[in-house]
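Atom set for the values below is all heavy atoms of this structure, side chains included, hydrogens, waters and symmetry mates excluded. A note on names: the letters A, B, ... follow the listed sequences, proteins ahead of strands, and every chain is numbered from 1.
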Amino acid sequence: MDIDTIGDWERTNDCGSLRRDDIGREVVLMGWVNRRRDLGKLIFVDLRDRFGLTQIVFDEEFDEVSHERAGILRNEWVIAVKGEVAPRLLGQENPEMPTGDIEVKAKELKILNETEIPPFQVDGKIDASENVRLRYRYLELRRPALFHNLFMRHRIALVIRSFLNSEGFLEVETPFLTKSTPEGARDYLVPSRINKGSFYALPQSPQLFKQLLMVAGFNRYFQIVKCFRDEDLRVDRQPEFTQVDLELSFVNEDGVMDVVEGMMVDVFSKILDHPVSRPFPRIEYEKAMDLYGSDRPDARFGMELTDVSDQLRSSTFRAFTEVIEKGGVVKAINVKKGASFSRKELDELSSMVTDSGAKGLLWAKLRPDGWQSPLAKSVAPNSRGAVEERLGAKEGDLIIFVSAMDHIANEALGLLRIEISKRLDLIKDGDYSFVWVTRFPLLDYDENEKRYAAVHHPFTAPLEEDIPLLGERPEAVRARSYDLVLNGEEIGGGSVRIHTIDLQNQIFRILGLGKEEVREKFGFFLEALRYGAPPHGGIALGFDRLVAIMVGAKSLRDVIAFPKTQRASCAVTDAPSPVDRDQLSELGLSLIYP
RNA sequence: GGGGACGUAGUUCAGUUCUGGUUAGAACGCCGGCCUGUCACGCCGGAGGUCGCGGGUUCGAGUCCCGUCGUCCCCGCCA
């Protein structure tokens with residue numbers, strides 16, 4: 001096969017731009033053969049680039065040489081075509097294509113490259129399995145769907161950069177080769193050749209560096225930056241991921257939330273033409289757990305959790321009365337029009353509940369003739385009425401009860417609420433609901449390690465009014481923290497930071513970090529706090545997740561050009577892979593496992 | 001670390017269990033031929049298989065058993 005050179009040809013247009021107005025022009029197009037339809041004396045080729053498709057006609061009567069050569073074209077070959085824009089024959093227009101009114105009558109054809117038989121059809125309607133598509137990612141990326149996601153990602157990043165710039169933020173790069181810290185996720189380590197036996201860690205976030213930039217007086221910092229966490233993967237978790245990281249000086253919670261809300265309004269209006277109203281609703285963590293059974297509530301549908309202990313206190317149902325006596329609760333959700341759930345479906349829901357530690361669920365279908373329910377006999381009619389009234393339940397609804405200690409009941413009903421919303425298809429596409437969840441607990445007690453751990457991170461400021469509790473009841477202290485939740489997914493989290501050395505030292509002590517360890521791991525940071533650190537706060541947004549929600553992608557992999565597989569490997573390069581002995585010895589390393 | 005699903009032609013799948021048995025099928029793609037208005041072109045013909053890999057049971061294994069590798073989903077984990 002002879003491959004032509006591009007020579008002095010220059011593209012005049014991309015494959016998505018020609019219209020009726022261009023008829024009569026001589027154009028040069030270059031791209032991939034998306035499909036060919038060889039009718040003998042007439043050959044049609046859909047030429048593709050990332051901008052679109054244009055139909056090329058090779059007509060023996062129009063140009064014999066190019067028609068002859070076009071006979072050998074195959075899908076995914078790279079070609080250049082010089083020709084004339086012509087109207088399609090009357091009635092032969094293709095309304096499905098933006099370029100469907102015209103075609104390019106080829107005068108000259110250059111074949112710029114041929115191809116192996118592709119492992120899957122780029123234009124295929126039948127989809128290849130994900131491992132094949134990941135291995136040949138560059139072919140998958142030729143497909144419009146995935147390209148669109150990455151194009152959107154680019155545009156979203158652009159809007160964010162421009163917005164933050166206009167708000168006085170400076171983008172500053174921070175080191176990737178940095179220091180391992182004891183708190184948080186497992187670090188990715190990088191051995192040092194010059195300092196054998198020592199390791200850098202890839203950052204889990206630029207947290208301390210951005211705080212140092214506040215000490216440095218940068219006032220407003222941001223960065224769209226890769227972060228690394230060596231934990232197991234999920235559909236919404238990659239080991240390297242991108243954050244929109246911000247930090248502001250001389251602000252409280254409102255200052256940070258204000259900027260983020262402005263940013264989201266700007267992004268959603270410019271990218272999706274979707275109005276988002278401000279301010280975003282705020283809900284305290286405690287309340288979120290109580291109403292939604294989740295710290296990332298999806299407020300796109302109702303079905304809030306309701307405490308009906310008072311209404312059922314007098315029932316003769318032992319599972320209720322015993323739990324209430326022991327200080328537990330009976331909580332319920334009202335599933336509108338849920339009375340049609342089958343026994344089998346209710347059993348499935350019940351088995352979900354046991355996973356969160358509850359004994360099971362109870363239900364009542366509101367029939368015209370009253371409750372159809374295992375509880376019917378144990379709950380007096382006036383109690384039933386009180387429950388219905390409290391839940392706003394009507395005929396045809398389904399009430400689901402869980403009785404347990406409140407955190408278990410909350411979690412169980414929270415999971416049910418989400419599952420039921422999926423089954424009943426309660427969530428409209430294109431619906432976006434932002435919520436701030438605030439005042440998370442500062443600390444929680446790690447039973448395994450027998451010590452307190454920071455819920456957010458150890459630099460989060462406690463709520464002023466709760467500081468006195470730090471000594472006695474650390475677990476009761478609330479943090480000046482806030483998560484941004486979009487459609488029931490956490491897309492960001494941040495806090496007002498501790499900016500005084502004494503408080504920071506006190507927190508480290510409560511976390512059980514020894515003086516020596518603190519000095520070794522965080523000494524540089526504590527030192528910086530001594531040199532006039534301003535009050536500051538910030539947030540980090542999960543950029544991949546944001547993009548995924550905005551483009552409607554099911555998996556983070558669909559918004560990352562070269563994602564990792566669930567085993568944290570790269571299907572294209574096959575990384576990670578063994579290295580030469582020489583490389584290891586240069587680093588002063590030897591392997592325990594071969 | 002644990003649980004689950006999947007792995008058969010280049011690709012997507014059927015066949016696989018209950019019930020092992022002659023030559024492992026289909027569609028798309030690929031190759032050859034025909035075709036002047038197609039756009040998932042059409043028609044005729046053809047090639048293409050380490051049934052993920054290794055071991056075992058058996059007269060005989062795509063099918064049963066054990067192990068292993070890979071992909072995906074979930075729990076743990078993810079400040």
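Look at A/F120 and the base of B/U11; the rings do not stack under the cut-offs of 5.5 Å between centres and 30° between planes.
A/S129 has a side-chain polar atom (N or O) that falls below the 4.0 Å cut-off from OP1 or OP2 of B/U12. For the OP1/OP2 pair of B/G70 and a distance below 4.0 Å, the side-chain nitrogens and oxygens of A/S569 include no atom meeting the criterion. For B/G32, one of the phosphate oxygens OP1 or OP2 lies less than 4.0 angstrom from a side-chain nitrogen or oxygen of A/R74. Within the structure, a side-chain polar atom (N or O) of A/R557 is placed less than 4.0 Å from OP1 or OP2 of B/C73. For the OP1/OP2 pair of B/U38 and a distance below 4.0 Å, the side-chain nitrogens and oxygens of A/R37 include no atom meeting the criterion. Contact annotation: A/R567 side-chain N/O to B/G70 OP1/OP2 distance is under 4.0 Å. One finds a side-chain N or O of A/Q566 lying less than 4.0 angstrom from the OP1 or OP2 phosphate oxygen of B/C73. Between A/R35 and the phosphate of B/C41, there is a side-chain N or O to OP1/OP2 separation shorter than 4.0 Å.
Between A/I56 and A/I79 the shortest side-chain heavy-atom distance does not fall below 4.5 Å. Residues A/P441 and A/Y285 are in side-chain contact: their nearest non-hydrogen atoms beyond the backbone lie under 4.5 Å apart. Between A/T99 and A/M97, some side-chain heavy-atom pair lies under the 4.5 Å cut-off.
Separating the P atom of B/G54 from that of B/C18 is a span of 24 Å, rounded to the nearest Å. Rounded to a whole angstrom, the distance from the P atom of B/A26 to that of B/G15 is 15 Å. Nucleotides B/G60 and B/C43 have their P atoms positioned 47 Å apart, rounded to a whole Å. A distance of about 12 Å separates the P atoms of B/G48 and B/A24, rounded to the whole Å.
Out of B/U36, B/C31, B/C39, the shortest distance to the side chain of A/R36 is found at B/C31.
Within the 4.0 angstrom heavy-atom criterion, base atoms lie near A/E103. Among the heavy atoms of the strands lying under 4.0 Å from A/R88 is at least one base atom, whether or not backbone atoms are also near. Residue contacts shown for A/I117 are limited to sugar-phosphate atoms, with no base heavy atom under 4.0 Å away. Nucleic acid contact for A/A185: sugar-phosphate only, since backbone atoms but no base atoms lie under 4.0 Å from a heavy atom of the residue. Residue contacts for A/V455: at a heavy-atom cut-off of 4.0 Å it reaches the sugar-phosphate backbone alone, with no base atom in range. No contact: A/T54 has no heavy atom under 4.0 Å from any strand. A/P458 comes within contact range of at least one nucleobase, with a heavy-atom separation under 4.0 Å. Among the protein residues, A/D38 comes within range of the nucleic acid bases, having at least one heavy atom under 4.0 Å from a base atom.
Side-chain atoms of A/D232 and base atoms of B/C77 include no donor and acceptor less than 3.5 Å apart. Counting atom types as modelled, A/R234 pairs no side-chain N or O with a base atom of B/C72 as donor and acceptor under 3.5 Å. Between the side chain of A/Q92 and the base of B/U38, no donor-acceptor pair under 3.5 Å is found.
When Watson-Crick and G-U wobble pairs are counted only if both distances are under 3.5 Å, B/G67 pairs with B/C53. When both distances must be under 3.5 Å, the Watson-Crick or G-U wobble mate of B/G42 is B/C34.
Using a 4.0 Å cut-off between a side-chain N of Lys or Arg and a carboxylate O of Asp or Glu, A/R519 and A/E527 do not qualify as a salt bridge.
The environment of CD in A/E68 is sparse: at most 12 heavy-atom neighbours from other residues, nucleotides or ligands sit within 6.0 Å.
The aromatic rings of A/Y136 and A/Y138 lie perpendicular to each other, with more than 60° between the two planes, well past the 30° mark.
A/F525 has its ring centre no less than 6.0 Å from the ring centre of A/F508.
Nearest-nucleotide assignment on RNA chain B puts the 5′-proximal partner with A/D236, out of A/A453 and A/D236.
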